[in-house]
Amino acid sequence: MSIDLSKEQAGLAKVEQRVVYESGNEMAAYAAHQINYHVMGYFPISPSTEVAQFLDLMKSNGQHDIVLIPADGEHGSAGVCYGASTAGGRVFNATSANGYLYMIEQMPVQSGTRFPMVMNLVCRSVSGPLDIHGDHSDLYYALNTGWPILMCRDPQAVYDMNIMALKVAEDAEVRLPVLVASDGYFTSHQKRKVQTFANREDVHQFIGAQPPVGYPDTLDRNNPITVGPYMNEPDYINNCYQQSMAMYNAEHVYDRVRKEFADLTGRDYPILDQYRMEDAEVAVFLMNSASEIIKDVVDQLRAQGIKAGSIAPNMIRPFPQRAIAEALKNVKAITVGDRADSYGGHGGNMVNEIKAALFTHGNRDTLVISRIYGLGGKDFYAEDGHNLFQFAIDAMNKGVVDKPFDYYGHTPGDPAKSPKRVLKPMKFEDLKTGLITVKKDEETGKLSVRIPPLRSLTKKPKRIAPGHGACPGCGIFSGLELFFKGIEGDIVALFHTGCAMVVTTGYPYSSHKATYIHNLFQNGAATLSGVVEMFWERKRRGELDHLNLQDDFTFVMITGDGGMDIGMGPAIGAALRNHKMIILEYDNEGYMNTGAQLSYSTPMGHRTSTSNIGSVRAGKVFHHKDTAQIMAATHIPYVFTGSEAFPQDLVKKAAKAQYYAQNEGLVYGKILITCPLNWLSEDELGTEIIDAAVGSCFFPLYEVEHGVTTITYNPDEKDKRVPIVEWLKTMGKTRHLTKPEHVETLNAFETEVERRWKILLAKHENPYL
């Protein structure tokens, strides 16, 4: 809901404004849609994911023309944005934390070649260990990438800075990509009243037309250019000097732009936000959301007769060195709070830059106290602000800083509360039942598997203990445990980041009864490859003899379909190297742990939070990825698909997978699992829905053994073929496809499913395909 304001109601504004009640992420998207960028390359990561979601929802209803490109990972999204910016258009992106680090090698490329764009960094802790809440550890990695950085203390600032950022980026004196930083969850998800331009035309008039003259792009056929050539040292240092000058120019360009913006809207963002600093003797320096809280503390201290003040920057690249020195010239002591550490640097990045500013401009008298606070999203309250001021007050009174650097808010460990093992290690005898036999047919080279009735395997210990936090009806763990029934003996499991990882671990608790490793989902296959090769080498050297291993470990990587998007490259690398391990993908057709965004495995027409249904578009617009066939093309020993709706089939394939992983090389398996929450289906219907997916031939059951394809369940032969539309009716995310207005999308999806099924049949009938 929005409220129209007259010019009088809008205070000093010279343009018509409207008040909305939205979050920081919503305001970043709102500004982007008003600007109407040409392209946004994106990949979901909390807490910035919503920016793309909101833009996708607006796109589905025709509210903007931005081409939204779902990348395979943050590195890919940065590449999309860079390529688009070289082609002469306006470009936008948003990311957080490890996603930013994954794309970071692209950041200096873009700034070093001077192609403008705007990216929102919704600040979050950088793992490990994994933490998805807000601090500035990702922001501090951005300081040396050559991007000007604007800071946003609240949703209003997110909106305003996003509009000013583009004008700064495209200015002739700058021509650099600009980062807009806000605090994850504190700002990104908390709603506030925000004043916006009521009319898009006023936004366009403020930012101006895109500068076309004198700036070549890669689409000008009359002026072919070379972007990013190799450059030796005489030219390279000159290029860096020009980039450095452009960065420093960004300070006075921003100052000019913010004055223009203030004249237009009545909202001003000076480079350094100073609160009651005119005669301050003690001060606190904080950035973004915490800088608003500290103002209340300043007022409270002033009421007590203490001359307190606070400082917060609206821009940290270029660093406002002279302004900082000027603001602190009469301050006796200041506490600088950094929401990230510069490990080994005796303080965070901001405190060391402030010290350099004071030193450079001749202030050797102001005492500086460094405190690291608020890591991992730890809340900051007025009480904490009083404590930070007290450090400065004590230093002022003593004339010396007792402890120049420390953490604030950490607590000593209590040995009595150290994690204790709750579940005893599983016995090998219980895990090695002997009820499953796998033999190789010497003539065909294929494996023959015998399994007992499934009830005979119920006594086999579960690899994952009860008590995890999965949603009701989640198919991940029933699917995984069924697969593990076919695995005999000890395992070492690596879980990618994803639903299965998030809901089974939360320090100091873990649901994993077997050895478990976590790594980010772009690199799990490589990580487990290292574990596997270390095992075999340590075994060869006799370093594991003391363990009295009765059988070799089976190494299993568990990944969602998202992990096989962003982690596809390392997975293919591991396959080509043919390490003795299993990659098991649970496919729930989306990036579910970040809010149900589309994955490359999401089928065409299916609804997700980044493939919305609206008046001009309905669901995902391209077909799903056939990951099993991609992995089969690497010529690994064994590839399979499975489903808990066909339990005997899955257990047999698990036994085969173990044999190949222990004796020949890498195995890839894909199981389709339900996600009732995001499929918008009934919790208890999971098995039925999966059964229908198999019966419709959308998710065929087959195996590729040494390159030979065998369909293990053919619904046509059983006279159990299910019309695709009947499967789609079972889920809220696809029910719209049964309506007449979506018949074209439905037909395209049905045609593709049938085409892939016939290809599979041909491969089944011909061992050379």
Side-chain angles (χ1 to χ4, degrees), residues 85 104 106-119 121 136 139-152 157 160-181 207-208 211 214-215 228 231 233-262 268-274 285 287-288 311-329 336 342 345 348-363:
S85 66
I104 201 166
Q106 285 288 301
M107 300 298 100
V109 173
Q110 184 138 2
S111 58
T113 50
R114 307 289 295 282
F115 287 101
M117 67 167 285
V118 174
M119 182 164 70
L121 182 63
H136 295 157
L139 174 63
Y140 284 5
Y141 281 97
L143 294 174
N144 293 329
T145 59
W147 290 48
I149 301 173
L150 308 183
M151 306 295 287
C152 307
D160 294 340
M161 289 294 190
N162 266 280
I163 292 174
M164 287 190 284
L166 181 59
K167 193 172 177 70
V168 172
E170 292 181 346
D171 190 277
E173 293 187 75
V174 180
R175 298 294 298 177
L176 288 171
V178 174
L179 200 70
V180 178
I207 60 177
Y215 302 110
M231 190 176 282
E233 60 276 6
D235 299 304
Y236 182 75
I237 194 170
N238 290 340
N239 190 85
C240 293
Y241 174 78
Q242 292 171 13
Q243 182 181 348
S244 178
M245 291 300 98
M247 173 67 85
Y248 290 118
N249 288 343
E251 182 170 351
H252 69 254
V253 169
Y254 168 80
D255 202 43
R256 184 186 75 236
V257 169
R258 65 95 178 173
K259 290 176 182 176
E260 295 173 10
F261 189 83
D268 192 13
Y269 297 88
I271 289 175
L272 204 61
D273 182 26
Q274 302 183 50
F285 176 99
M287 296 196 300
N288 278 4
I311 299 174
N314 285 313
M315 185 181 220
I316 60 171
R317 276 296 179 270
F319 191 72
Q321 191 180 79
R322 185 176 296 279
I324 288 283
E326 178 65 23
L328 296 179
K329 63 182 180 181
V336 179
S342 177
N349 289 86
M350 290 300 104
V351 73
N352 287 326
E353 298 214 7
I354 288 172
K355 288 179 178 178
L358 294 174
F359 183 89
T360 300
H361 293 279
N363 182 346

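No experiment lies behind these values; they were computed from the predicted model shown. No hydrogens, no waters, no symmetry mates; every other heavy atom, side chains included, goes into these values.
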Subject >> Counterpart residues, salt bridge (charged side-chain N to carboxylate O under 4.0 Å, His left out), relative to Lys167 (two or more places apart) >> reply: Glu260

Subject >> Partners passing side-chain contact (heavy atoms from CB on, under 4.5 Å) against Asp171 (at least two apart in sequence or in another chain) >> reply: Glu173, Val174, Val253, Arg256

Original post:
Can you name the residues that form a side-chain hydrogen bond (donor to acceptor under 3.5 Å, both in side chains) with Asp273, not counting sequence neighbours?
Top reply: Arg153, Lys295

Original post:
Under the side-chain hydrogen bond (donor to acceptor under 3.5 Å, both in side chains) rule, what pairs show up with a residue in residues 233-242, not counting sequence neighbours?
Top reply: none

Subject >> Qualifying residues under side-chain contact (heavy atoms from CB on, under 4.5 Å), relative to Pro320, sequence neighbours excluded >> reply: Glu251, Ile271, Leu272, Ala323, Ile324

Subject >> Qualifying residues under side-chain contact (heavy atoms from CB on, under 4.5 Å), relative to Ala165, sequence neighbours excluded >> reply: Val118, Leu150, Val178, Val180

Original post:
Hey, does the side chain of Asn352 reach the backbone of Gly345 with a donor-acceptor pair shorter than 3.5 angstrom?
Top reply: yes

Original post:
Are Met161 and Phe261 close enough that some pair of their side-chain heavy atoms sits under 4.5 Å apart?
Top reply: no

Original post:
Would you call Ser111 and Gln243 a side-chain contact if the rule is heavy atoms closer than 4.5 Å?
Top reply: yes

Original post:
Heavy-atom distance under 4.5 Å between the side chains of Leu179 and Thr145, does that happen here?
Top reply: no

Original post:
Can you list the residues that meet the side-chain hydrogen bond (donor to acceptor under 3.5 Å, both in side chains) rule with Tyr269, with sequence neighbours excluded?
Top reply: Asp160

Subject >> Test item: Leu139 and Met151 side chains (from C-beta on) under 4.5 Å apart, heavy atoms >> reply: yes

Original post:
What side-chain hydrogen bond (donor to acceptor under 3.5 Å, both in side chains) pairs are there with at least one residue in residues 320-329, not counting sequence neighbours?
Top reply: Gln321-His361, Glu326-Lys329

Subject >> With sequence neighbours excluded, residues passing side-chain hydrogen bond (donor to acceptor under 3.5 Å, both in side chains) with Arg258 >> reply: Asp255, Asp268

Original post:
Quick one: salt bridge (Lys or Arg N to Asp or Glu O under 4.0 Å) pairs with a partner in residues 236-250, sequence neighbours left out?
Top reply: none

Original post:
So, the side chain of Arg175 versus the backbone of Arg114: is there a donor-acceptor pair under 3.5 Å, distance only?
Top reply: no

Original post:
side-chain contact (heavy atoms from CB on, under 4.5 Å) with Thr113: which residues, sequence neighbours excluded?
Top reply: Tyr82, Phe115

Original post:
Excluding sequence neighbours, so at least two apart, what forms side-chain hydrogen bond (donor to acceptor under 3.5 Å, both in side chains) with Tyr141?
Top reply: none

**OP:** Determine yes or no for a side-chain-to-main-chain donor-acceptor pair under 3.5 angstrom, with Trp147 supplying the side chain and Ala142 the backbone.
**Re:** no

